[in-house]
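Each chain gets a letter, A, B and so on, in the order its sequence line appears, and its residues count up from 1.
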Amino acid sequence: MRFTVTTWNINSVRLRIAQVRRFLRKVQPDVLCLQETKCPEDLFPLKHLRSVGYRSIVHCGQKGYNGVAILSRHSFSAEHGMELCERRDARHIAITLGDDAGAAAGITIHNFYVPAGGDTPEPDLNPKFAHKLSFLAEMRRWGDSKAPAKAPAILVGDLNVAPLENDVWSHKQLLDVVSHTPVETEALETLRGEAGWVDAARHLTPEPEKIYTWWSYRAQDWAASDRGRRLDHVWVSPDLGGTLKSVDVARETRGWTRPSDHVPVTAVMEL
DNA sequence: ATGGTTGTCATACAA
């Protein structure tokens, strides 16, 4: 059975609902995980998503900021989002696929939105960066607590860290830039490795090939300068590593009218 | 070294 999961930081699901529908109609992933929905619970556009085949939807939102959602063509049971860093921010949600998901039944999918961390990579001067480091530390403890995780699982999301040298347009020039500082990249790689997660994109496309999933809004010509970063990730548990068939970065969506600054990342598995 | 853009919500704030 072919199984596909997509992660996409949509930067307002209401503003870009037509783009979400366009993507879903074309790619038809089994599961779509969204971040930065920026949408209160009662305003989530359920009908627009159900009508294109996504009958199972869970959303965890707050007004104006953050927000994560999972849409599925199959049934699932939803878990409450974890409270991280003693905040009720809507930055995590998880599901376990139901019996109608065929060979994917029983797989748990975690959707994370890691704090961006502000501009200054100094936790003592910048509370947002301190929050980001605390969040990553909590993710590490959470992963360790489940290890050796034995049920098949997938972790996706906007992790707001580009961990490898070729996950950014210039490793040297970004060493002091939040998202690629050594304290962040080491934290992310450590928590991934300890829990045994397989980085799907790099499993199939090793370095030194560049991979980007985000381009700043501030570039004059994002495509020409191509100063991207790989901030969006799909990780699979070790037992699923061998099922990975492809990972597609939908770069073309960055060229759509009024785009998100992130593009969808879709992993295909053969279960 | 600096500012560059976008979205939400209404004036800064987060990214």
Contact nearer the 5' end of DNA chain B, comparing A:Tyr113 with A:Ser12: A:Ser12

Aromatic plane relationship, A:Phe112 with A:His92 - under 30° parallel, 30 to 60° tilted, over 60° perpendicular: tilted

Nearest-Å distance for atom pair NE2/P, residues A:His262 and B:dT5: 18 Å

B:dT6 versus B:dT11 - spacing of their P atoms, nearest Å: 23 Å

Short side-chain N/O contact from A:Lys63 to OP1 or OP2 of B:dC9, under 4.0 Å: no

Interatomic distance, A:Gln62 CD vs B:dA14 P [rounded to whole Å]: 12 Å

Distance test, side-chain N/O of A:Arg16 to OP1/OP2 of B:dG7, below 4.0 Å: yes

Aromatic plane relationship, A:Trp142 with A:His110 - under 30° parallel, 30 to 60° tilted, over 60° perpendicular: perpendicular

A:Glu36 CD - B:dG7 P separation (whole Å): 11 Å

A:Lys132 NZ - B:dA14 P separation (whole Å): 15 Å

Check: A:Ser179/A:Arg229 side-chain N/O donor and acceptor closer than 3.5 Å: yes

A:Gln35 CD to B:dA14 P, straight-line distance once rounded to whole Å: 20 Å

Distance between P atoms of B:dC9 and B:dC13 (Å, rounded): 16 Å

Sugar-phosphate only, base, or nothing, as touched by A:Arg227 at under 4.0 Å among non-hydrogen atoms: nothing

Any A:Arg91 side-chain N or O less than 4.0 Å from OP1/OP2 of B:dA15: yes

Length of the CG-C1' vector between A:Asn11 and B:dT6, whole Å: 7 Å

Nearest-Å distance for atom pair OH/P, residues A:Tyr217 and B:dA15: 14 Å

Sugar-phosphate only, base, or nothing, as touched by A:Gln220 at under 4.0 Å among non-hydrogen atoms: nothing

Pair A:Asp232-A:His262, side-chain donor/acceptor within less than 3.5 Å: yes

Sugar-phosphate only, base, or nothing, as touched by A:Arg229 at under 4.0 Å among non-hydrogen atoms: nothing

A:Asp221 atom CG, neighbour heavy-atom count above 12 within 6.0 Å: yes

Flag for A:Thr96-A:Thr108: side-chain donor and acceptor within less than 3.5 Å: yes

Rounded C1' spacing from B:dA14 to B:dA10 in Å: 15 Å

First encountered from the 5' end of DNA chain B, between A:Pro40 and A:Tyr65: A:Pro40

Whole-Å distance separating the CG atom of A:Asp119 from the P atom of B:dC13: 14 Å

Below 4.0 Å: OP1/OP2 of B:dT5 and any side-chain N or O of A:Arg258: no

Euclidean distance for C1', B:dA15 against B:dG4 (whole angstrom): 14 Å

Contact under 4.0 Å: A:Ser216 side-chain N or O vs B:dG4 OP1/OP2: no

